[in-house]
Amino acid sequence: MTTASTEPSARPLTRRLLGAELLIVLGLSLGASGVAALISFAGSLTEPLALGKQVASLNASRAPGRPWLDLAWQLYYIGRGLMPVVLVGYLLIREGSSLRNALGFDLTRKLSDLGRGALVAAGIGGSGLLLYLAAQAGGANLTVAPSGLPEVWWRIPVLLLSAWQNAVLEEVVVLGYLLRRLQQLGWGWPAALVASSVLRGSYHLYQGVGGLVGNMVMGVVFCLLYRRWGRVMPLVAAHGLIDTVAFVGYALLAGHVSWLPTP
């Protein structure tokens, strides 16, 4: 004689569950970063020092004077920063898909993805630098220091890892996953584009108005290209190249060229 199982059957992914899932993922990742950036910007506005004279530090040392401990902390935070991507991959697998099938996050088209990414990076990166310099000079942006790491052997490798971690996290979560879930929730394309772009800008607000506006514009461009190509990998490549140039370029040029603002 068999007994009926008392375990509940799997529930379908209703709009309510999808909405809750989306809020949880964002609350554990870039949505929380957006709130933190807003609080940071409010603090910067209430400082007696002008915005242009304040500093937003990226990739700062986490154990000054202790390079091996510093390296351990850097690698820890880079690895932890990728966990939302792992979570998104798990959630997609549970619904019967994958990062590859749903978002085009894979290495099957390495050359074409890298080529497209390089072209996007050249356009976005150059215009973004000009916007930052103008906003910083006009007092609407903090001075961004993309590297505060000591001059040790692992500085450049860590900056490279940080650049590509940012690229993978942001494009998988804010571009591919967010747009997919908003579509499943019944959002129209214009509303989803605005939501993704505003979210991208929000967690850069700690840099100032230039960081907010520049990244919102970048978000619009990336959304349109993602819709056209159906793959996040070219945009991951573009973002990774932009951040690589910003992080490594700053580390090599800061203090050696007059046009680059430094603390």
- Query: Is there a path from Met233 to Leu179 through hydrophobic residues (I, L, V, M, F, W, Y) whose side chains come within less than 4.5 Å of each other?
  - Reply: yes

- Any salt bridge (Lys or Arg N to Asp or Glu O under 4.0 Å) involving residues 108-128? Give me the pairs, sequence neighbours left out, ordered by first then second residue. Asp113-Arg231

- Verdict with supporting geometry, His239 and Val120, side chain to side chain contact (heavy atoms under 4.5 Å, CB included): CA-CA 9 Å; His239 193 149; Val120 175; over 6 Å; no

- Message: Is it true that Arg181 and Gln184 share a donor-acceptor pair across their side chains at a distance under 3.5 Å?
- Response: yes

Without placing hydrogens or testing angles, list every side-chain donor-acceptor pair under 3.5 Å for residues 202-214, not counting sequence neighbours.
{"residue": "Ser202", "atom": "OG", "partner": "Leu199", "partner atom": "O", "Å": "2.7"}
{"residue": "Tyr203", "atom": "OH", "partner": "Glu170", "partner atom": "OE1", "Å": "2.8"}
{"residue": "His204", "atom": "ND1", "partner": "Arg200", "partner atom": "O", "Å": "2.8"}

- Task: Give a yes or no on this: more than 12 heavy atoms of other residues, nucleotides or ligands lie within 6.0 Å of atom CG of Leu111.
- Result: no

- Query: Is any side-chain heavy atom of Asp106 closer than 4.5 Å to a side-chain heavy atom of Leu99?
  - Reply: no

- Distance, nearest 0.5 Å, that separates OG of Ser98 from CZ of Phe105: 11.0 Å

- Query: Any donor and acceptor pair, going by atom type alone, linking the side chain of Thr143 with main-chain N or O of Lys53 inside 3.5 Å?
  - Reply: no

- Query: If you group Ile, Leu, Val, Met, Phe, Trp and Tyr by side-chain heavy-atom gaps below 4.5 Å, do Leu159 and Leu161 land in one group?
  - Reply: yes

- Task: Using a cut-off of 6.0 Å, state whether more than 12 heavy atoms not belonging to Glu47 lie near its atom CD.
- Result: yes

- Message: Please determine whether side chain to side chain contact (heavy atoms under 4.5 Å, CB included) holds for the pair Thr108 and Arg100, giving the CA-CA distance in whole Å, both sets of side-chain angles, and the decisive distance to 0.1 Å.
- Response: CA-CA 9 Å; Thr108 58; Arg100 174 181 178 177; 3.5 Å; yes

- Any side-chain heavy-atom pair from Met83 and Val86 closer than 4.5 angstrom? yes

- With distance as the sole test, does Ser162 use its side chain to make a donor-acceptor pair with the main-chain N or O of Val158 at under 3.5 Å? no

- Task: Apply side chain to side chain contact (heavy atoms under 4.5 Å, CB included) to the pair Leu51 and Leu45, showing each step before the final yes or no.
- Result: CA-CA 7 Å; Leu51 278 181; Leu45 287 176; 4.0 Å; yes

Can you list, pair by pair, the side-chain donor-acceptor contacts under 3.5 Å of residues 22-43, counting residues two or more places apart and other chains?
{"residue": "Ser29", "atom": "OG", "partner": "Val25", "partner atom": "O", "Å": "2.6"}
{"residue": "Ser33", "atom": "OG", "partner": "Ser29", "partner atom": "O", "Å": "3.3"}

- Side chains of Ile124 and Phe222 in contact at under 4.5 Å (non-hydrogen atoms): yes

- Does the side chain of Arg155 come within less than 4.5 Å of Gln74's, by heavy atoms? no

- Item | Heavy-atom side-chain proximity of Ser197 to Cys223 below 4.5 angstrom | yes

- Glu21 CD to Arg16 CZ distance, which is reported to the nearest 0.5 Å: 15.0 Å

- Query: How many angstroms lie between CD1 in Ile78 and CG in Leu160, if you round to the nearest 0.5 Å?
  - Reply: 9.5 Å

Please tabulate, for the side chains in residues 185-192, all donor-acceptor contacts under 3.5 angstrom to protein atoms that are two or more places apart in sequence or on a different chain.
none

- Would you call Trp229 and Leu235 a side-chain contact if the rule is heavy atoms closer than 4.5 Å? yes

- Query: If two hydrophobic side chains count as joined below 4.5 Å and joins carry through other members, does Tyr76 share a cluster with Val85?
  - Reply: no

- Query: Are the side chain of Glu171 and the backbone of Gly176 linked by a donor-acceptor contact shorter than 3.5 Å?
  - Reply: no

- Query: In Å and rounded to the nearest 0.5 Å, what is the CG to CG distance from Asn166 to Asp243?
  - Reply: 5.0 Å

- Assess whether side chain to side chain contact (heavy atoms under 4.5 Å, CB included) is satisfied between Leu178 and Val173, documenting all intermediate values. CA-CA 6 Å; Leu178 178 60; Val173 174; 5.9 Å; no

- Query: Side chains of Leu92 and Arg180: closer than 4.5 Å at any heavy-atom pair?
  - Reply: yes

Which pairs would a plain distance check flag for residues 251-263, meaning a side-chain donor or acceptor within less than 3.5 Å of a matching protein atom at least two apart in sequence or in another chain?
none

- Point-to-point distance, once rounded to the nearest 0.5 Å, from CG of Leu241 to CG of Leu114: 6.0 Å

- Message: Donor-acceptor pair, distance only, cut-off 3.5 Å: does the side chain of Gln136 make one with the backbone of Asn141?
- Response: no

- Item | Pairs satisfying ring pair (Phe, Tyr, Trp, His ring centres under 6.0 Å), at least one member in residues 118-171, at least two apart | Trp68-Trp153

- Under 3.5 Å, is there a donor-acceptor pair between the side chain of Asp70 and the main chain of Arg62? yes

- Message: Tell me if a side-chain donor or acceptor on Ser97 pairs with a main-chain N or O of Ile93 at a distance below 3.5 Å.
- Response: no

- Are Tyr226 and Leu193 close enough that some pair of their side-chain heavy atoms sits under 4.5 Å apart? no

- Item | Donor-acceptor pair between Ser147 and Asn59 side chains, under 3.5 angstrom | no

